[in-house]
Asks: 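Here's a structure for you.
Residue numbering restarts at 1 for every chain, and letters A, B, ... go by the order of the sequence lines. The structure displayed is predicted, hence computed values, not measured ones.
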There are 2 protein chains.
Amino acid sequence: MHLGVQFEREIFEQPKVLEDLLAQGSDGARAVAAEIRRFSPEVVLIAARGSSDNAARYAQYLFGAHNRLVVALGVPSLFTLYERPPRLERALVIGVSQSGQSPDIVAVVDEARRQGGLTLALTNDTTSPLATRAAHVLPLRAGVEQAVAATKTYSAELFLISMLSAALEDDPARWQELEATPATVQRAIDLNRDLSQLAEHYREARHFVVLARGFNYATAFEIALKMKETSYRVAEPYSIADLLHGPVAMIDRGFPALLIAPSGKTSEDARAVLANLRARGARIIAMSDDTELLGGVEDSLALPPAVPEWLSPLSSIVPGQLLALALARASGFDPDSPRGLSKVTLTL
Amino acid sequence: MHLGVQFEREIFEQPKVLEDLLAQGSDGARAVAAEIRRFSPEVVLIAARGSSDNAARYAQYLFGAHNRLVVALGVPSLFTLYERPPRLERALVIGVSQSGQSPDIVAVVDEARRQGGLTLALTNDTTSPLATRAAHVLPLRAGVEQAVAATKTYSAELFLISMLSAALEDDPARWQELEATPATVQRAIDLNRDLSQLAEHYREARHFVVLARGFNYATAFEIALKMKETSYRVAEPYSIADLLHGPVAMIDRGFPALLIAPSGKTSEDARAVLANLRARGARIIAMSDDTELLGGVEDSLALPPAVPEWLSPLSSIVPGQLLALALARASGFDPDSPRGLSKVTLTL
């Protein structure tokens with residue numbers, strides 16, 4: 001059990017990281033929200049890579065659903081390779097990066113600031129190029145992350161995004177829900193602490209699909225990324241709706257499918273795709289707080305009950321992180337230092 | 001060779017489809033461009049699924065690089081499941097769908113129109129719900145597409161997007177480049193007409209990564225989708241930069257990697273990732289017009305030379321379609337009617 005010691009420790013640290021972030025970061029989130037309201041952006045552009053890009057995907061749904069903002073993701077190459085950036089005078093541009101180092105993300109923020117857009121950095125390093133170039137910074141306050149595969153910094157990014165959204169809405173009920181989140185994440189850890197037996201069933205599995213919809217579309221991407229980084233599995237994330245527009249054809253008997261299905265507006269879709277996958281003979285791992293849904297599948301991952309849907313990505317990422325850890329250990333890989341990866345990746 | 005007869009025929013029809021579209025569709029593209037200039041959108045939101053969503057990804061890069069527009073993709077669930085749509089009064093909202101039937105795409109256009117946004121449909125069926133609900137329609141004019149997996153309608157979507165971009169720029173040089181495109185696509189067909197020998201090398205390959213960057217990021221998505229739909233391979237598309245932020249860890253000896261590398265601004269990135277993949281022992285299929293780059297790889301797909309980078313996705317999709325066809329035939333699958341798929345997919 002010496003594999004993934006740091007990775008596991010950092011997964012377990014998440015409730016404390018979120019608790020501290022709420023205590024120390026909420027004033028900052030409110031101050032930035034006031035700036036955003038004053039600026040009144042026509043669009044939000046978020047530049048990020050890897051896990052941070054998955055957090056950005058959460059922002060795309062949350063800022064849309066709760067703050068009525070149109071959120072565009074990505075396209076750093078327009079700023080770097082092509083040097084043909086879009087107009088950003090009326091945009092809120094957010095760079096999200098644990099290290100704050102990647103030159104392509106910094107380039108997007110630099111250009112937005114030059115054009116008069118409103119710029120914000122979410123980063124764990126307040127001395128990084130990204131933090132010093134953006135007009136505003138919200139620090140992740142997650143402490144040093146030792147494992148190469150991100151866990152607590154991803155959760156901190158999600159939580160800062162949810163705090164920023166709540167501050168933009170200025171609804172006290174949302175803040176109460178935020179306050180309950182660290183305990184919910186702890187519950188998700190307790191429910192899935194040891195997945196070694198489940199992982200044994202997938203020791204030989206080389207590929208997976210990871211399915212979700214809505215707020216947890218981000219979770220599907222992040223779990224798939226953890227499985228790739230730490231367990232070298234070919235894990236592909238899909239929106240349930242997108243899967244049905246073609247890719248479902250590749251699902252055959254025994255194909256492993258992880259379905260992220262917390263109770264909420266996406267439940268009906270989850271049930272429908274579950275029936276479709278079952279008819280194709282897929283081997284299903286279902287993640288839910290709905291015991292009825294979990295009852296009929298081969299393998300299940302339990303989620304804490306009664307979590308507001310908009311905050312469910314903070315708890316539903318946890319069983320995925322722990323599954324990636326268990327798969328890596330079952331295969332003899334070390335998630336603390338995956339082959340050929342380093343903690344900071346610089347791309348242009 | 002009775003497998004995929006319609007699929008193959010529709011691939012071969014593409015030069016003619018593009019030629020007709022240019023002749024019959026350019027006035028329409030110019031008229032819609034004039035409306036867009038008058039409206040002067042702050043952001044473009046594109047709603048699409050499957051192959052059409054891949055065409056939307058091309059628009060994200062092209063409208064950004066040539067028209068300085070910020071393009072956001074997707075999130076139909078905000079309109080349908082969550083019923084919390086973002087503000088769209090200042091948005092150009094484009095629904096892209098071969099059939100024009102999927103209720104989620106129609107819902108996005110309906111809501112945008114209700115809010116006073118500018119709406120546009122790109123569809124092959126001008127009597128479809130999508131066409132009748134959008135304020136403006138640009139027909140694909142591709143004729144009936146028989147094969148379930150889209151080919152000529154995808155190309156028509158790309159070409160309409162490139163015509164619309166050229167009309168927004170109003171630059172005669174761009175129109176000259178558009179006029180050369182049908183012949184270029186024909187050349188791409190001629191260079192890759194029979195890939196059965198190459199496909200034999202990958203008869204047992206269950207998974208692939210498909211890599212590109214910039215304008216051809218869309219091509220990576222569309223080729224991966226064709227491989228899933230027609231050959232049931234687990235093919236995952238990546239931006240070269242995103243691959244390096246984690247997923248590259250899963251690439252080991254013999255892992256099949258298709259690298260889309262037409263000459264242009266992304267060439268340096270392509271060479272760098274090629275060296276990285278080679279060091280990991282990946283089995284590489286390179287697609288390029290650069291004979292030096294093709295010289296050092298296991299398998300190659302030739303592209304026509306001297307194609308302007310912004311139009312290269314129209315020719316680089318072709319070898320990918322033909323590779324998907326050859327893989328399907330090598331495995332005894334019928335790309336005309338993939339298992340469990342129908343031509344029209346309705347999602348909410």
Asks: Could you check which of H66(B), E236(B), E268(B) has the highest count of heavy-atom pairs closer than 4.5 Å to chain A?
Replies: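 Most heavy-atom pairs within the cutoff with chain A belong to E236(B).
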Asks: Does any heavy atom of chain B fall under 4.5 Å from the side chain of L225(A), the backbone, both, or neither of them?
Replies: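 The side chain, not the backbone.
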Asks: As an exercise, state the distance from CZ of R213(A) to CG of L243(A), rounded to the nearest 0.5 Å.
Replies: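 Answer for the CZ-CG pair, R213(A) versus L243(A), is 11.5 Å.
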Asks: For the pair Y217(A) and Y61(A), name the ring-plane relationship: parallel under 30°, tilted 30 to 60°, perpendicular over 60°.
Replies: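 Answer is perpendicular, since the angle exceeds 60°.
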Asks: Among A65(A), P247(A), A279(A), A150(A), which has the most heavy-atom pairs under 4.5 Å with chain B?
Replies: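 If we count pairs closer than 4.5 Å to chain B, A65(A) comes out on top.
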Asks: So which atom in P262(A) and which in S267(A) form the shortest heavy-atom distance, rounded to 0.1 Å?
Replies: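 Minimum heavy-atom contact is O-OG, 3.8 Å.
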Asks: In terms of heavy-atom pairs under 4.5 Å with chain B, which of K228(A), R84(A), H245(A) leads?
Replies: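 Heavy-atom pairs under 4.5 Å are most numerous for H245(A).
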Asks: Do S312(A) and N216(A) have side-chain atoms, one donor and one acceptor, less than 3.5 Å apart?
Replies: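 Yes, side-chain donor-acceptor contact under 3.5 Å.
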Asks: Between V234(A), V248(A), N276(A), I251(A), who has the most heavy-atom pairs with chain B when the cutoff is under 4.5 Å?
Replies: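 Max contact count across the listed options: V234(A).
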Asks: For chain A, which residues from residues 75-83 of chain B lie under 4.5 Å away (heavy-atom distances)?
Replies: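 Only V75(B), S77(B), L78(B), T80(B), L81(B), Y82(B) of residues 75-83 of chain B have a heavy atom under 4.5 Å from chain A.
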Asks: Can you name the nearest heavy-atom pair linking A56(B) to L73(B), along with the distance?
Replies: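 The answer is O-CD2, 3.7 Å.
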Asks: What option among S239(B), A241(B), A249(B) has the most heavy-atom pairs under 4.5 Å with chain A?
Replies: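 Option with the top pair count is A249(B).
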Asks: Please identify, among R339(A), E309(A), M227(A), K265(A), the residue contributing the most non-hydrogen atom pairs under 4.5 Å to chain B.
Replies: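 Most pairs with chain B among the choices: R339(A).
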Asks: Name the region of A272(A), side chain, backbone, both or neither, that has any atom closer than 4.5 Å to a heavy atom of chain B.
Replies: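 Neither part.
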Asks: Side chain to side chain donor-acceptor pair (under 3.5 Å) with Y232(B): which residues, sequence neighbours excluded?
Replies: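 So Y232(B) forms no side chain to side chain donor-acceptor pair (under 3.5 Å) with any residue.
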Asks: Side chains of R57(A) and I46(A): does their closest heavy-atom pair fall under 4.5 Å?
Replies: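 Counting from C-beta outward, R57(A) and I46(A) never come under 4.5 Å.
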Asks: Sort out for me which of V344(B), V43(B), V44(B) touches chain A most, counting heavy-atom pairs under 4.5 Å.
Replies: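 Of the candidates given, the most pairs with chain A belong to V43(B).
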Asks: Given a strict heavy-atom distance threshold of 4.5 Å, which part of S342(B) is in contact with chain A: side chain, backbone, both, or neither?
Replies: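 For S342(B), there is no contact with chain A at all, as no heavy atom is under 4.5 Å.
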Asks: Go through the atoms of F208(A) and report whether side chain, backbone, both or neither lie under 4.5 Å from a heavy atom of chain B.
Replies: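 For F208(A), there is no contact with chain B at all, as no heavy atom is under 4.5 Å.
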Asks: Salt bridge check: are E111(B) and R114(B) linked by an N-O gap of less than 4.0 Å?
Replies: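 Counted as a salt bridge, because a side-chain N and a carboxylate O are separated by less than 4.0 Å.
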Asks: Looking only at heavy atoms, what is the nearest atom pair of L88(B) and Q115(B), with distance?
Replies: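 For L88(B) and Q115(B), the tightest heavy-atom pair comes out as N-OE1, 2.5 Å.
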Asks: Just checking heavy atoms, which of residues 331-338 of chain A are less than 4.5 Å from chain B?
Replies: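 Expected list: P338(A).
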Asks: Report which part of V71(A) has an atom under 4.5 Å of a heavy atom belonging to chain B: side chain, backbone, both, or neither.
Replies: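 It is the backbone, since no side chain atom gets that close.
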Asks: Who wins among G264(B), A149(B), G74(B), P85(B) for the most heavy-atom pairs under 4.5 Å with chain A?
Replies: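 Of the options given, most contacts go to P85(B).
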Asks: Under a 4.5 Å heavy-atom cut-off, does chain B meet the side chain of S52(A), its backbone, both or neither?
Replies: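 For S52(A), neither part sits under 4.5 Å from chain B.
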Asks: Under a 3.5 Å distance rule, please check whether E157(B) uses its side chain to pair with a backbone N or O of A55(B) as donor and acceptor.
Replies: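 Not a single qualifying donor-acceptor pair exists.
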Asks: Please name the pair of heavy atoms, one in F63(B) and one in S165(B), separated by the smallest distance, quoted to 0.1 Å.
Replies: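 Scanning both residues completely, I find the closest heavy atoms to be CE2-CB, 3.9 Å.
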Asks: Do the charged groups of K343(B) and E145(B) touch, with an N to O distance under 4.0 Å?
Replies: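 E145(B) and K343(B): salt-bridged.
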Asks: With a 4.5 Å limit on heavy-atom distance, are the side chains of R233(A) and K226(A) in contact?
Replies: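 With C-beta onward as the side chain, the pair stays apart.
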Asks: Spell out the residues in residues 89-105 of chain A that have some non-hydrogen atom less than 4.5 Å away from a non-hydrogen atom of chain B, in order of number; otherwise answer 'none'.
Replies: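 At a heavy-atom separation under 4.5 Å, chain B is reached by R90(A), S102(A), D104(A).
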Asks: Under the side chain to side chain donor-acceptor pair (under 3.5 Å) criterion, do T151(B) and Q321(B) qualify, and how do the steps go?
Replies: CA-CA 7 Å; T151(B) 53; Q321(B) 294 166 336; 5.0 Å; no
Asks: Once the angle between the rings of H207(B) and F255(B) is folded into 0 to 90°, is it parallel (under 30°), tilted (30 to 60°) or perpendicular (over 60°)?
Replies: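 If you compare the ring of H207(B) with that of F255(B), the planes turn out tilted.
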Asks: So do T345(B) and T347(B) actually touch side chain to side chain, heavy atoms under 4.5 Å?
Replies: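 Yes, close enough: below the 4.5 Å cut-off.
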Asks: Between R280(A) and chain B, with a heavy-atom cut-off of 4.5 Å, which part of the residue counts as in contact: side chain, backbone, both or neither?
Replies: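 Just the side chain, heavy atoms under 4.5 Å.
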Asks: For A324(A), is there any backbone N or O sitting under 3.5 Å from a side-chain donor or acceptor partner on S231(A)?
Replies: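 Indeed, once roles are kept as given, a pair shorter than 3.5 Å links the two residues.
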Asks: Between Q60(A) and Y58(A), do the side chains contain an N or O donor and an N or O acceptor separated by less than 3.5 Å?
Replies: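 Distance-only check fails for Q60(A) and Y58(A).
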Asks: Looking at every non-hydrogen atom in both residues, tell me the closest pair between N54(A) and A218(A) and how far apart they are.
Replies: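 Residues N54(A) and A218(A), closest heavy atoms: O-CB, 3.3 Å.
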Asks: Against chain B, label D252(A) side chain, backbone, both or neither, depending on which of its atoms sit under 4.5 Å from a heavy atom there.
Replies: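 Both backbone and side chain.
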Asks: Just to verify, which of R37(B), R68(B), R174(B) counts as forming a side-chain contact (heavy atoms from CB on, under 4.5 Å) with L168(B)?
Replies: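 Checked R37(B), R68(B), R174(B) against L168(B); only one passes side-chain contact (heavy atoms from CB on, under 4.5 Å): R37(B).
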Asks: Closest approach of F7(B) and T230(B), non-hydrogen atoms and distance?
Replies: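 It is CZ-CG2, 3.9 Å.
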